[in-house]
Amino acid sequence: MGCRTAIVGTGSCLPEKILSNSDLEKMVDTSDEWITTRTGIKNRRIAKKGEETSRIGAIAAQRALAMAGVAPEEIGLIIVGTMTCEMTMPSCACLIQKEIGATNAFAFDMNAACSGFLYSLDLADKYIQSTPEMKILVIGSENLSSRTNWQDRNTCVLFGDGAGACVVSGSHEGRGLLASNLFSDGKLWNLLYMESARSMNPDLVRPERNGSYIQMSGKDVFKYAVRAMEDSVLQLLDSQGISADEVSLVVPHQANIRIINSLTERLGISSEKIYINIHKYGNTSAASVAIAIDEANRAGLLKDDDLLLLCAFGGGFTWGASIIRW
Ligand code: UT7
């Protein structure tokens with residue numbers, strides 16, 4: 001049997017501080033009712049000092065390593081899906097490497113916005129195909145609270161901080177990643193974006209830009225996200241000859257409960273098979289799928305041989321789906 005990339009340990013780490021919808025009612029012109037019905041979000045976590053992107057990513061990684069029974073020195077590669085590390089250089093992956101003592105790894109970040117974890121998992125699979133004995137940490141970690149305009153009710157109610165991690169390695173037992181279906185469309189970049197730090201090159205300074213907050217045309221993103229995630233999932237299942245009925249659990253990116261419900265309907269899958277934690281954490285971008293996998297795993301929702309379906313959509317645009325035999 002060929003080699004597949006199997007998840008052998010999962011972990012997550014959420015900052016302690018909870019920001020509720022009623023807290024937000026005191027900050028901007030919004031209501032618990034609006035946020036709940038339009039998004040499904042009730043609470044989100046907000047990082048404080050000592051809970052930087054690399055720190056929570058490292059804790060999630062340590063929890064995944066402990067579950068896998070893998071020592072940090074056994075890790076050959078660390079890939080971190082993130083767009084909000086506390087440093088631009090070095091990468092979040094290098095900071096996590098230092099923090100956990102993964103002295104034999106090479107490490108880099110993957111910026112695919114909210115699809116970062118799926119992109120990273122797919123890339124890890126390519127390394128495993130050439131080096132099956134390799135053990136890889138695939139992490140999603142974000143600190144979106146640092147890039148949120150807390151006066152903009154259109155965006156500040158949506159996002160939260162958190163990290164999730166998986167240890168993956170080669171398996172010859174048939175379990176692991178069966179296939180991924182990934183896409184990008186850079187033409188639509190300006191519907192969802194966040195600028196870099198202000199340029200120090202006077203020729204490149206753009207005074208018309210208003211800071212480096214997340215900017216989003218919510219309605220356009222919503223429409224595109226629904227269609228893109230549904231199409232990529234259906235194409236993926238079709239290409240693998242898998243029917244929606246055979247899927248045991250769907251872990252979608254947690255951006256909006258209405259997007260998730262629409263996906264559930266189009267797949268014709270029962271809602272008990274969809275993992276949802278958006279009410280607790282909001283949208284944590286690249287961390288969201290990784291956190292949800294860890295929670296589902298620790299809750300015993302994933303059994304040997306189960307088919308786990310992942311899907312995500314984010315800035316870029318980037319999107320896609322993956323199917324895993326657990
Ligand atoms: O993770 C990456 C991908 N991101 C996504 O997938 C997010 C996709 N988009 C969405 O989830 C939704 O578009 C939102 C939740 C962002 C917005 O929901 P919507 O149903 O598309 O609302 P809308 O933007 O059309 O706004 C409807 C109304 C507007 O008022 P008017 O113009 O109708 O008077 C907004 O100003 O709701 C108003 N509004 C709010 N009201 C109370 C917008 N934000 C808020 C708010 N509280 N926080």
Side-chain angles (χ1 to χ4, degrees), residues 19-44 81-84 110-119 140-145 147-162 164 182-186 188-194 213-233 251-264 266 274 276-279 281-292 310-321:
L19 186 73
S20 68
N21 290 350
S22 54
D23 295 329
L24 278 159
E25 284 175 352
K26 295 174 199 123
M27 295 161 65
V28 287
D29 180 15
T30 192
S31 65
D32 175 43
E33 198 269 331
W34 190 97
I35 303 171
T36 307
T37 53
R38 296 288 176 123
T39 72
I41 301 166
K42 283 284 193 191
N43 295 300
R44 66 288 291 144
T82 189
M83 54 178 184
T84 53
M110 162 74 71
N111 181 350
C114 304
S115 311
F117 183 77
L118 266 71
Y119 271 54
S141 187
E142 300 278 18
N143 181 317
L144 295 162
S145 62
R147 306 300 297 274
T148 298
N149 179 353
W150 289 103
Q151 277 143 27
D152 175 13
R153 69 174 185 174
N154 290 296
T155 53
C156 76
V157 303
L158 303 174
F159 301 106
D161 304 334
L182 303 178
F183 303 90
S184 309
D185 188 348
L188 301 169
W189 72 270
N190 60 346
L191 295 177
L192 178 55
Y193 67 92
M194 182 167 74
Y213 302 127
I214 299 167
Q215 315 273 344
M216 181 168 73
S217 307
K219 251 196 181 11
D220 296 320
V221 176
F222 186 96
K223 274 191 253 161
Y224 209 98
V226 169
R227 173 100 45 85
M229 280 212 289
E230 289 175 359
D231 289 351
S232 61
V233 163
V251 171
H253 171 48
Q254 313 278 316
N256 187 312
I257 193 70
R258 291 182 292 138
I259 297 179
I260 297 173
N261 289 342
S262 169
L263 178 74
T264 312
R266 178 135 178 231
I274 315 282
I276 292 167
N277 62 11
I278 191 171
H279 51 292
Y281 310 132
N283 180 346
T284 58
S285 186
S288 103
V289 169
I291 294 169
L310 315 177
C311 58
F313 182 89
F317 288 151
T318 58
W319 70 97

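Counting starts at 1 for both ligands and their atoms, in listed order.
- Residue Ser31 places no N or O, backbone or side chain, under 3.5 Å from any N or O of ligand 1.
- Looking only at heavy atoms of the protein, atom 47 (N) of ligand 1 is closest to Thr30 OG1, 2.6 Å.
- Side-chain contact check for Glu142 and Thr84: at least one donor-acceptor pair (N or O, by modelled atom type) lies under 3.5 Å.
- Without hydrogens or angle criteria, Thr148 side chain to Cys156 main chain gives no donor-acceptor distance under 3.5 Å.
- In this structure, Glu25 contributes its side chain and Asp32 its backbone to a donor-acceptor pair below 3.5 Å.
- With hydrogens and angles disregarded, no donor-acceptor distance shorter than 3.5 Å links the side chain of Asn283 to the backbone of Asn256.
- A heavy-atom separation below 4.0 Å is not found between Ile35 and ligand 1.
- For atom 34 (O) of ligand 1, the nearest protein heavy atom is 4.0 Å or more away.
- Near Arg38, meaning under 4.0 Å from any of its heavy atoms, are these atoms of ligand 1: 19 (P), 20 (O), 22 (O), 27 (C).
- Atoms of ligand 1 lying under 4.0 Å from any heavy atom of Ala255, numbered from 1 in the order shown and given with element: 1 (O), 5 (C), 6 (O).
- Across all non-hydrogen atoms, the minimal contact from Leu192 to Gly315 is CD2-N, 3.4 Å.
- Within the 4.0 Å cut-off (strictly below), no protein heavy atom is located near atom 24 (O) of ligand 1.
- For atom 48 (N) of ligand 1, the closest non-hydrogen atom on the protein side is Arg153 O, 2.9 Å.
- With ligand atoms numbered from 1 in the order given, ligand 1 contributes 48 (N) to contacts under 4.0 Å with heavy atoms of Val157.
- Ile274 places a side-chain heavy atom less than 4.5 Å from the side chain of Pro252.
- Defined by atom type and a distance below 3.5 Å, a donor-acceptor pair is present between the side-chain atoms of Asp23 and Ser20.
- Counting heavy atoms closer than 4.0 Å to ligand 1, residue Thr39 contributes side-chain atoms (C-beta onward) but none from N, CA, C or O.
- With atom 6 (O) of ligand 1 as the reference point, the heavy atom nearest to it among Asp32, Asp152, Ile259 is part of Ile259.
- Of the protein's non-hydrogen atoms, Trp34 CH2, 3.9 Å is the one closest to atom 17 (C) of ligand 1.
- A side-chain contact (heavy atoms from CB on, under 4.5 Å) with Met216 is found for exactly one of Leu158, Leu191, Asp152, Asn154, namely Leu158.
- Of the protein's non-hydrogen atoms, Asn283 ND2, 2.7 Å is the one closest to atom 1 (O) of ligand 1.
- Taking every heavy atom of both residues into account, Ser285 and Ala113 meet most closely at OG-C, 3.6 Å.
- For atom 9 (N) of ligand 1, the nearest protein heavy atom (residue, atom name, distance) is Gly218 O, 3.1 Å.
- The number of heavy-atom neighbours closer than 6.0 Å to CZ of Arg258, taken from other residues, nucleotides and ligands shown, is above 12.
- Protein heavy atom at the shortest distance from atom 4 (N) of ligand 1 is Val221 CG1, 3.6 Å.
- Val233 has its side chain out of reach of Arg266: every pair of non-hydrogen atoms, C-beta onward, lies at least 4.5 Å apart.
- Proximity to Asn154 (heavy-atom distance under 4.0 Å) selects the following atoms of ligand 1: 43 (C), 44 (N).
- There is no protein heavy atom closer than 4.0 angstrom to atom 29 (C) of ligand 1.
- Checked by atom type and distance alone, the side chain of Gln254 never pairs as donor or acceptor with a backbone atom of Ser288 at under 3.5 Å.
- Within a 4.0 Å radius of atom 39 (N) of ligand 1, the protein contributes one or more non-hydrogen atoms.
- Nearest protein neighbour of atom 2 (C) of ligand 1, counting heavy atoms only, is Cys114 SG, 3.4 Å.
- Between Phe317 and the choices Tyr224, Tyr193, Phe183, Trp189, the ring-ring contact (aromatic ring centres under 6.0 Å, His included) rule is met once, by Tyr224.
- For the ligand labelled ligand 1, residue Leu192 lies inside the 4.0 Å heavy-atom shell.
- Scanning all protein heavy atoms for the shortest distance to atom 12 (C) of ligand 1 gives Asn256 ND2, 3.9 Å.
- Geometrically, ligand 1 and Leu158 share no nitrogen or oxygen pair separated by less than 3.5 Å.
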